Number of protein chains: 2
Amino acid sequence: MAQKGRPRTFVEHEVLDAAMRVFWRHGYEASSITELRAQTGLSAASLYGAFGSKEGLFERAIEHYIAGPGGVSELVGDLTLDPLDALGQMLHGTIAMQSDPAYPGGCLVALSATVGAGGDDDVAARKTVAARRAEDRSGIEACIRRGVDNGAVRADLDPAISAIMVHSFVLGVSTQLLDGVPPAALHTAADLLLTGL
Amino acid sequence: MAQKGRPRTFVEHEVLDAAMRVFWRHGYEASSITELRAQTGLSAASLYGAFGSKEGLFERAIEHYIAGPGGVSELVGDLTLDPLDALGQMLHGTIAMQSDPAYPGGCLVALSATVGAGGDDDVAARKTVAARRAEDRSGIEACIRRGVDNGAVRADLDPAISAIMVHSFVLGVSTQLLDGVPPAALHTAADLLLTGL
DNA sequence: TCAATATAGGAACGTTCATTCCGTAAATCG
DNA sequence: CGATTTACGGAATGAACGTTCCTATATTGA
């Protein structure tokens, strides 16, 4: 059943992991094909043959991120957890992941392609990460809504507003960590944030 | 007392304002000298003669930003205000400024040069904005500390932790606004955040 | 009016960018 | 084995990057 033609000499999973780290460190625009090739070990022909373009590789790298370290944000969708616990686990998991020395630091989705050139070029890349952020936001909101129904969360608050507050905090965490704020302080701050709900 | 030599045909203040907006829209790296020249109206020789380099122009543009719209963050240092009021005014003022249609949207300091190429090139630009973020963080902390002394803020909380929570929220606001979250919702979320203190 | 000083315009610098093309190598299918 | 298909390594593409150089121009101080 193997494919026709010469087989690939690289493992796609490993290539995506290396590319993810490059984009993570530098953002979309500042990641050059030269460095992506160096870190992945791919020739230009192989890279473009397999992923089509820098933008195509970025989208695949984002998928890889979400399937991997970035998956912590989906803890708010765990229906087996108490909503407030789910929020807490998401917050602490996110901070832990973003400060894990095994990764470049911060959040790929929060930091890549927030601003950029006006050209049509990186607009697609920005849309890719903005879409993921929108998912995170609505996931948090749904979790809080369950908490209200559950009685674990204050009923006098608009879940949409609370979700925006929590998500704004989460987005800020990336910059804080890059600025050298200690992870432990952010964990404590996250707990404080949750006491308001 | 006018200077010797041929006088400048541009007004520095206007040039800095135009450059600030370019950096604001695109970030440091994605702002090309070509567009900076187009928006400022300066020739390459004038630009480099007056500011030395792209990085030099960026630093001056950041100063201009802080002296202008970015100055809202310094409301937390207003000792004539009740600390909690000062925090509130800073938060609402920041959200209002970042959603003001007269400006590109978001915060120049929060969005520019958070990530970038590893080269020595833009490291200086990142340090410039990181330093400003550190000032904001400690300003918030000092304000909260005054609130504790004042009795307006809960005494059982570590002001450093509370400041990190508030600042993380502030940093996240930029991305939220760029993602299309309504300013009104962020204003309400800011009020909710302050109720935790 | 004449040297000295500083800005302006514009071409040109070498480098890096993302991407494509070409000849060769390694697999499957008939 | 021959035809086909896919992937590889590496050179080459034109465009854009930040920066510098050169010449002309406009001012001040003597």
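Treat the numbers as computed from the prediction; the structure is a model and nothing was measured. Basis for what follows: all heavy atoms, side chains included, without hydrogens, waters or symmetry-related copies. Proteins come first, then strands; the chains are lettered A, B, ... in the order of their sequence lines, and each starts at number 1.
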Within 45 degrees of the ring normal and closer than 6.0 Å to the centroid, is that where the cationic atom of B:Lys54 sits relative to B:Phe23?
no

Salt bridge (charged side-chain N to carboxylate O under 4.0 Å, His left out) with A:Asp179: of B:Arg126, B:Lys127, B:Arg132, B:Arg137, only one passes, and it is B:Arg137

Atom CG of A:Leu36 and atom C1' of C:dT19 are separated, to the nearest Å, by 14 Å

Its contact letters, B for base, S for sugar-phosphate only and - for none at protein heavy atoms under 4.0 Å, make nucleotides 1-17 of chain D read ----BBBSBB------S

Heavy-atom closest pair (B:Ser112 atom, B:Val129 atom, distance to 0.1 Å) is O-CG2, 3.5 Å

Contacts of B:Asn150 meeting side-chain contact (heavy atoms from CB on, under 4.5 Å) (sequence neighbours excluded), chain-then-number -> B:Asp82, B:Pro83, B:Ala152

To the nearest angstrom, the OH-P distance between A:Tyr48 and C:dC22 comes to 18 Å

Ionic contact status for A:Asp17 with A:Arg21, cut-off 4.0 Å: yes

